[in-house]
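Because the structure is a prediction, the values reported are computed rather than measured. Note: hydrogens, waters and symmetry copies are ignored here, and every other heavy atom, side chains too, is used. Indexing begins at 1, ligand by ligand and atom by atom, following the structure's order. Residues take their numbers from the sequence shown, with the count starting at 1.
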Amino acid sequence: MTDLDLLVLGGGTAGLVSAVVAGGLGARVALVERDRTGGECLWTGCVPSKALIEAADLAQRMRRADRVGLTPVEPEVDLADVMAHVRAAQRAIEPHDAPERVRAAGAEVISDEATFVGPRRVRLAADGREVTARCVLVSVGSEPAMPPVPGLADADPLTSDTVWGLTTLPPRLLVLGGGPVGCELGQAFARLGSEVTLVERAPRLLAREDPEVGELIAARLRDEGVDVRTGTALTEVTGGGPWRARVEGARPGRIDTDRVLVAGGRRPRTAGLGLRAAGVALTDRGAIRVDARMRTSAPGVYAAGDVTGVLPFTHVAAHQAATATLNALFLLPRHVRYLSMPYAVFTDPEVARVGLGASQARNRWGGRAVVTRLDLAEVDRAVAAGRTDGWASLVADPAGRLVGATVVAPAAGEVIGELAALIARRGRLTELYRTVHPYPTYALAAVDAVGEHLQRRLLTPATRRLTRPLLTALRAAARTS
Ligand SMILES: Cc1cc2nc3c(=O)[nH]c(=O)nc-3n(C[C@H](O)[C@H](O)[C@H](O)COP(=O)(O)OP(=O)(O)OC[C@H]3O[C@@H](n4cnc5c(N)ncnc54)[C@H](O)[C@@H]3O)c2cc1C
Ligand SMILES: NC(=O)c1ccc[n+]([C@@H]2O[C@H](COP(=O)([O-])OP(=O)(O)OC[C@H]3O[C@@H](n4cnc5c(N)ncnc54)[C@H](O)[C@@H]3O)[C@@H](O)[C@H]2O)c1
């Protein structure tokens, strides 16, 4: 096979998008996947976690039904049944990511493991064949990192790869890591009935976000019974199930637990791929180094998705892959632009982000940066639902163009898309305000945050010095007419 336009390594989100786009454009393309097509998103990431969160959310609503005047009930949770719901969601989505769909788009699918043996030359492990192509896209994803904590690897730790195989709820669950995985799954397991302790080395949860985001999520988790220990590192695990975890930091000591769930970050899958033979350079953190066109250091070799270490989210992987594919096939110079790339963490409340934060904007423009914010307590939909934890904050450049937003709210992940679209078209805050939104929705948190800003800026004594004489004159004219 030497006359391929494109060889795609890895059939997760990035690889599937690339193969389908390239096949659809008439390219000769082959995708190599060593496991099941669909990758992390379908099998161990977004889909199972959101299905689990849905069950956990309902359990919590049943437990807290008195919040809306109903009789609360403690849900009976059989984790095997909940996991059956998770698998049903995966089965329903699976055809979309299946090899048949890729083949129907005109791409070949090879079930094998690929390793580079030279520039744009790959060996297939089982088949033994070598395959070359004009261009290669590396989209082999990432895997859970195992923090080097003595005894941890021997404690049969769960990860986001394996937690879906549980059939009974661990009575006590120690979650290592307070990033998106630890917060989403920690909250879900607590809501389903596990006694959860969440240990995070950094001083707060969701450390990439503004400090008050992590503080709010920690407060919510504590309110729901999670023992949140920030500024705390896991240093040793001993025992034989149950396990004894030793922690150092804010509250040093011992935590007894039935299972440990490791959510301590992810590692790009670059080891053993023969990238040196391909001439592909890595970053300090072991990810494939790419430029804005998704080119690697090796001519004709592109990379996309988690393996690049840049914003590891499904929609980012898909966008990077589509860009890389067009650039590779047609020698185009298209850039991936990250300023308008949103993401959401599906805790309750959800945390959604796009673009610059307030401090980044102030560093760039000083006092000329526009920052406006509205708490959910001011948003009628949130008040009516009794779900007022959260806020929307928007950041604009001195000309009033939106450059960033944070929304912490129920359905924040739905709200952020509109703000991302506004940033992408370099739109102004006033454009958002002038767009009539349905009432009462959570989206109005962002719109009314702009309203607050405009009110502060426009409805001032200086404005009234202009409008009052005009109004007086108009009144006088009306009297005499
Ligand atoms: C618990 C959890 C929840 C998440 N939730 C969300 C969410 O809600 N929203 C969101 O946007 N993102 C979420 N993510 C992140 C998201 O899952 C990833 O960003 C995305 O799936 C990455 O896609 P990818 O194509 O880069 O890699 P992957 O999906 O990992 O695909 C890589 C593929 O390459 C194959 N492969 C590896 N090596 C080889 C080889 N040598 N030869 C052949 N094949 C190979 C693998 O088998 C795999 O199928 C979540 C992640 C986790 C862990
Ligand atoms: N909703 C979503 O889109 C979603 C959901 C889940 C995951 N993801 C993706 O998966 C990626 C990985 O998520 P993650 O949460 O595993 O990683 P992460 O890097 O975001 O968080 C890991 C946390 O573990 C902590 N940690 C590591 N070792 C520790 C130790 N010994 N003791 C105490 N704390 C320790 C780190 O300080 C860090 O805060 C994310 O970057 C995200 O892109 C996305």
Student: Provide, to 0.1 Å, the distance between atom 17 (O) of ligand 2 and the closest protein heavy atom, together with that atom's residue and name.
Tutor: Gly265 CA, 3.2 Å
Student: Cut-off 3.5 Å, side chains only: do Arg266 and Ser142 have a donor facing an acceptor?
Tutor: yes
Student: Could you find the nearest protein heavy atom to atom 7 (C) of ligand 2 and give me its residue, atom name and distance?
Tutor: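 For this ligand atom, the closest protein heavy atom is Val181 CG2, 3.3 Å.
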Student: Could you check whether any side-chain heavy atom of Leu31 comes within less than 4.5 Å of a side-chain heavy atom of Glu108, counting everything from C-beta outward?
Tutor: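 They are not in side-chain contact.
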Student: Would Arg259 and Trp243 count as a cation-pi pair here, with the cationic atom under 6.0 angstrom from the ring centre and within 45° of the axis?
Tutor: no
Student: Which protein non-hydrogen atom lies closest to atom 44 (C) of ligand 2, naming both residue and atom, and how far is it?
Tutor: Phe313 CE2, 3.6 Å
Student: Could you list each N/O atom of ligand 1 together with any protein N/O atom closer than 3.5 Å, one pair per line with the distance?
Tutor:
{"residue": "ligand 1", "atom": "5 (N)", "partner": "Lys50", "partner atom": "NZ", "Å": "3.1"}
{"residue": "ligand 1", "atom": "8 (O)", "partner": "Lys50", "partner atom": "NZ", "Å": "2.7"}
{"residue": "ligand 1", "atom": "11 (O)", "partner": "Thr314", "partner atom": "N", "Å": "2.9"}
{"residue": "ligand 1", "atom": "11 (O)", "partner": "His315", "partner atom": "ND1", "Å": "3.3"}
{"residue": "ligand 1", "atom": "12 (N)", "partner": "Thr314", "partner atom": "N", "Å": "3.4"}
{"residue": "ligand 1", "atom": "17 (O)", "partner": "Glu40", "partner atom": "OE2", "Å": "2.8"}
{"residue": "ligand 1", "atom": "19 (O)", "partner": "Asp306", "partner atom": "OD1", "Å": "2.8"}
{"residue": "ligand 1", "atom": "19 (O)", "partner": "Asp306", "partner atom": "OD2", "Å": "3.4"}
{"residue": "ligand 1", "atom": "19 (O)", "partner": "Pro312", "partner atom": "O", "Å": "3.2"}
{"residue": "ligand 1", "atom": "19 (O)", "partner": "Phe313", "partner atom": "N", "Å": "3.3"}
{"residue": "ligand 1", "atom": "21 (O)", "partner": "Cys41", "partner atom": "N", "Å": "3.3"}
{"residue": "ligand 1", "atom": "25 (O)", "partner": "Thr13", "partner atom": "N", "Å": "3.2"}
{"residue": "ligand 1", "atom": "25 (O)", "partner": "Ala14", "partner atom": "N", "Å": "2.9"}
{"residue": "ligand 1", "atom": "26 (O)", "partner": "Asp306", "partner atom": "N", "Å": "2.8"}
{"residue": "ligand 1", "atom": "29 (O)", "partner": "Glu40", "partner atom": "N", "Å": "2.8"}
{"residue": "ligand 1", "atom": "41 (N)", "partner": "Ala114", "partner atom": "O", "Å": "3.0"}
{"residue": "ligand 1", "atom": "42 (N)", "partner": "Ala114", "partner atom": "N", "Å": "3.1"}
{"residue": "ligand 1", "atom": "44 (N)", "partner": "Arg34", "partner atom": "N", "Å": "3.3"}
{"residue": "ligand 1", "atom": "47 (O)", "partner": "Glu33", "partner atom": "OE2", "Å": "2.6"}
{"residue": "ligand 1", "atom": "49 (O)", "partner": "Glu33", "partner atom": "OE1", "Å": "2.7"}
{"residue": "ligand 1", "atom": "49 (O)", "partner": "Glu33", "partner atom": "OE2", "Å": "3.2"}

Student: Return the residue, atom name and 0.1 Å-rounded distance of the protein heavy atom closest to atom 8 (N) of ligand 2.
Tutor: Pro180 CB, 4.1 Å
Student: Using heavy-atom distances, let me know which of Leu234, Val345, Val175, Asp306 sits nearest atom 31 (N) of ligand 2.
Tutor: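 Considering heavy atoms of Leu234, Val345, Val175, Asp306, the nearest to atom 31 (N) of ligand 2 sits in Leu234.
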Student: Counting only nitrogen or oxygen atoms and a 3.5 angstrom limit, does Gly264 reach ligand 2?
Tutor: no
Student: Check ligand 2 against Arg208 and write out every atom of the ligand that is under 4.0 Å from a heavy-atom position of the residue.
Tutor: 18 (P), 19 (O), 20 (O), 41 (O)
Student: So, Gln320 and Tyr302: side-chain donor and acceptor under 3.5 Å apart, yes or no?
Tutor: no
Student: Return the residue, atom name and 0.1 Å-rounded distance of the protein heavy atom closest to atom 25 (C) of ligand 2.
Tutor: Glu200 OE1, 3.3 Å
Student: Enter the distance from Glu113:CD to Glu33:CD here, rounded to the nearest 0.5 Å.
Tutor: 9.5 Å
Student: When you look at CZ of Arg276, are more than 12 heavy atoms from neighbouring residues, nucleotides or ligands closer to it than 6.0 Å?
Tutor: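 Count not over threshold, so no.
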Student: So which heavy atom in the protein is nearest atom 33 (C) of ligand 2, and how far is it from that ligand atom?
Tutor: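 For this ligand atom, the closest protein heavy atom is Arg201 N, 3.3 Å.
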Student: Can you name the side chain to side chain donor-acceptor pair (under 3.5 Å) partners of Arg381, sequence neighbours left out?
Tutor: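 Result, side chain to side chain donor-acceptor pair (under 3.5 Å) vs Arg381: none returned.
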Student: When rounded to the nearest 0.5 angstrom, what is the spacing between CG in Leu376 and CH2 in Trp391?
Tutor: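 Here the interatomic distance stands at 9.0 Å.
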Student: Under a 3.5 Å threshold, yes or no: a donor from one side chain and an acceptor from the other, between Ser18 and Thr325?
Tutor: yes
Student: For atom CD of Gln60, decide whether the heavy atoms of other residues, nucleotides or ligands shown that lie under 6.0 angstrom number more than 12.
Tutor: yes
Student: Please confirm whether Tyr343 approaches ligand 2 to less than 4.0 Å, judged on its heavy atoms.
Tutor: no
Student: Got a second to check how far Asp227's CG is from Ile255's CD1, nearest 0.5 Å?
Tutor: 6.5 Å
Student: Would you say the side chains of Arg87 and Gln90 form a donor-acceptor pair under 3.5 Å?
Tutor: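 Short answer, no.
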Student: Is there a heavy atom of Thr232 sitting under 4.0 angstrom from any atom of ligand 2?
Tutor: yes
Student: Looking only at N/O atoms, are Pro312 and ligand 2 under 3.5 Å apart anywhere?
Tutor: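 Yes; at least one N/O pair falls below 3.5 Å.
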Student: State whether the shortest distance between N or O atoms of Gly177 and N or O atoms of ligand 2 falls below 3.5 angstrom.
Tutor: no
Student: Do the side chains of Val8 and Val32 get nearer than 4.5 Å, heavy atoms only?
Tutor: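 With C-beta onward as the side chain, the pair stays apart.
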Student: Indicate, as side chain, backbone, both or neither, the part of Ser160 found under 4.0 angstrom from ligand 2 when only non-hydrogen atoms are considered.
Tutor: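 Under 4.0 Å from ligand 2, Ser160 contributes no heavy atoms.
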Student: Please state which protein non-hydrogen atom is closest to atom 2 (C) of ligand 2 and give its distance, to 0.1 Å?
Tutor: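 The protein heavy atom lying closest is Ala344 O, 3.3 Å.
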Student: Can you check whether Leu261 reaches Pro170 side chain to side chain, under 4.5 Å on heavy atoms?
Tutor: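 Counting from C-beta outward, Leu261 and Pro170 never come under 4.5 Å.
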Student: Does an N or O from Glu184, backbone or side chain, lie closer than 3.5 Å to an N or O of ligand 2?
Tutor: yes
Student: Is it true that atom CD of Glu418 has more than 12 heavy atoms of other residues, nucleotides or ligands lying nearer than 6.0 Å?
Tutor: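 Atom CD in Glu418 is packed in, count exceeds 12.
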Student: If hydrogens are left out, which of Leu311, Leu176, Val316, Thr314 has an atom nearest to atom 30 (C) of ligand 2, that is, the closest non-hydrogen atom?
Tutor: Leu176
Student: In terms of residue, atom name and distance, what is the protein heavy atom nearest to atom 21 (O) of ligand 2?
Tutor: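 It is Gly179 CA, 3.5 Å.
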